Amino acid sequence: MAHIHDSDGSSSSSHQNPKSTAKWAASLENLLEDPEGVKRFREFLKKEFSEENVLFWLACEDFKKTEDKKQMQEKAKEIYMTFLSSKASSQVNVEGQSRLNEKILEEPHPLMFQKLQDQIFNLMKYDSYSRFLKSDLFLKHKRTEEEDEDSTDAQTAAKRASRIYNT
């Protein structure tokens, strides 16, 4: 019998570790560490018209890992133009935004967006994240996970039975 694949083609092996939804519900940090969690959270934020928050957060995470100075400059500029400038297409709402200007881009350093990233993290954590955990999107995923777990157990039993009788 073929292994059940999720819609994105990755096979689900949720029965070996704690359910991903349980991890997501435990903390926003856990949610953001899980690509699947990020995907679901983004879907949810899109509906709330605040997807830019998680995109900004992810961009900052990526930025902090950038070591090449030139790349850092490019990414900093991209983050600024996309999320922080007054003309930004996906502007995030952070304190002190009006004082931000392109000067900060001249001397980029890995933690230059940290304060803003923390603000956005807290905004997500105390606002959209708690709504996400009550959302249909999350609850549906949680139910699917629980059903998958039941069917996996049933399959294993069936496989065991077929092995016994096929000898």
Side-chain angles (χ1 to χ4, degrees), residues 6-67 71-105 107-149:
D6 287 329
S7 55
D8 63 352
S10 64
S11 64
S12 60
S13 53
S14 54
H15 54 279
Q16 281 143 12
N17 47 14
K19 291 197 188 66
S20 50
T21 46
K23 285 198 297 238
W24 302 348
S27 76
L28 180 54
E29 286 86 347
N30 288 354
L31 175 70
L32 293 169
E33 275 164 17
D34 179 353
E36 178 67 16
V38 167
K39 201 169 93 184
R40 304 284 170 170
F41 193 42
R42 277 181 65 177
E43 278 171 42
F44 172 74
L45 292 177
K46 228 182 242 158
K47 289 192 177 117
E48 293 213 327
F49 304 103
S50 60
E51 189 190 13
E52 68 279 354
N53 289 339
V54 74
L55 294 177
F56 172 69
W57 190 89
L58 293 164
C60 292
E61 280 301 284
D62 174 59
F63 177 77
K64 284 191 282 199
K65 298 183 190 105
T66 309
E67 288 173 13
Q71 238 185 346
M72 198 182 279
Q73 228 155 0
E74 282 164 19
K75 283 185 182 178
K77 189 173 175 185
E78 200 178 311
I79 288 175
Y80 179 77
M81 298 315 266
T82 311
F83 302 105
L84 300 169
S85 124
S86 54
K87 301 182 283 293
S89 51
S90 307
Q91 197 178 17
V92 291
N93 187 4
V94 284
E95 245 168 80
Q97 197 143 16
S98 53
R99 293 193 299 277
L100 274 181
N101 58 34
E102 298 191 29
K103 251 203 201 74
I104 61 166
L105 304 177
E107 278 302 308
H109 58 89
L111 299 177
M112 65 189 275
F113 296 119
Q114 189 63 53
K115 271 202 179 81
L116 303 176
Q117 189 187 3
D118 291 344
Q119 273 187 48
I120 288 298
F121 181 83
N122 287 327
L123 181 75
M124 290 192 298
K125 182 172 181 167
Y126 296 110
D127 187 41
S128 31
Y129 172 63
S130 49
R131 282 199 304 277
F132 170 67
L133 296 178
K134 298 184 191 101
S135 73
D136 283 350
L137 206 130
F138 174 78
L139 297 170
K140 233 177 245 154
H141 189 70
K142 193 174 165 177
R143 275 199 301 278
T144 313
E145 241 177 23
E146 284 156 5
E147 287 158 16
D148 276 359
E149 197 157 85

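Being a predicted model, the structure only gives us computed values, none of them experimental. Numbering starts at 1 and runs along the sequence shown.
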Can you establish whether the number of heavy atoms outside Glu48 located under 6.0 Å from its atom CD is more than 12?
yes

Sub-4.5 Å side-chain heavy-atom contact between Ser135 and Phe132:
yes

Check this for me: Lys64, atom NZ, are more than 12 non-hydrogen atoms of other residues, nucleotides or ligands nearer than 6.0 Å?
yes

Is it the case that more than 12 heavy atoms not belonging to Glu67 sit under 6.0 Å from its CD atom?
no

If a pair satisfies salt bridge (Lys or Arg N to Asp or Glu O under 4.0 Å) and one of its residues is in residues 109-128, list it, with sequence neighbours excluded.
Asp127-Arg131

For Trp24, what residues pass the side chain to side chain donor-acceptor pair (under 3.5 Å) criterion, not counting sequence neighbours?
Asp34

Under the 3.5 angstrom rule, does the side chain of Glu43 hit a backbone N or O of Leu137 as a donor-acceptor pair?
no

For Leu55, check side-chain contact (heavy atoms from CB on, under 4.5 Å) against everything at least two apart and list the hits.
Arg42, Glu51, Phe83

Inspect the surroundings of CG in Asn93 and state if more than 12 heavy atoms from other residues, nucleotides or ligands are less than 6.0 Å away.
no

Main chain of Ser20, side chain of Glu145: is a donor-acceptor contact present, judged purely on distance under 3.5 Å?
yes

Measure across Met72 and Pro108 and return the closest heavy-atom pair with its distance rounded to 0.1 Å.
SD-O, 3.7 Å

Would you say Glu146 and Lys19 make side-chain contact, with heavy atoms under 4.5 Å?
yes

Heavy-atom check, side chain of Phe41 versus side chain of Ser128, under 4.5 Å:
yes

Without swapping roles, check the side chain of Tyr129 against the backbone of Ser27 for a donor-acceptor pair under 3.5 Å.
yes

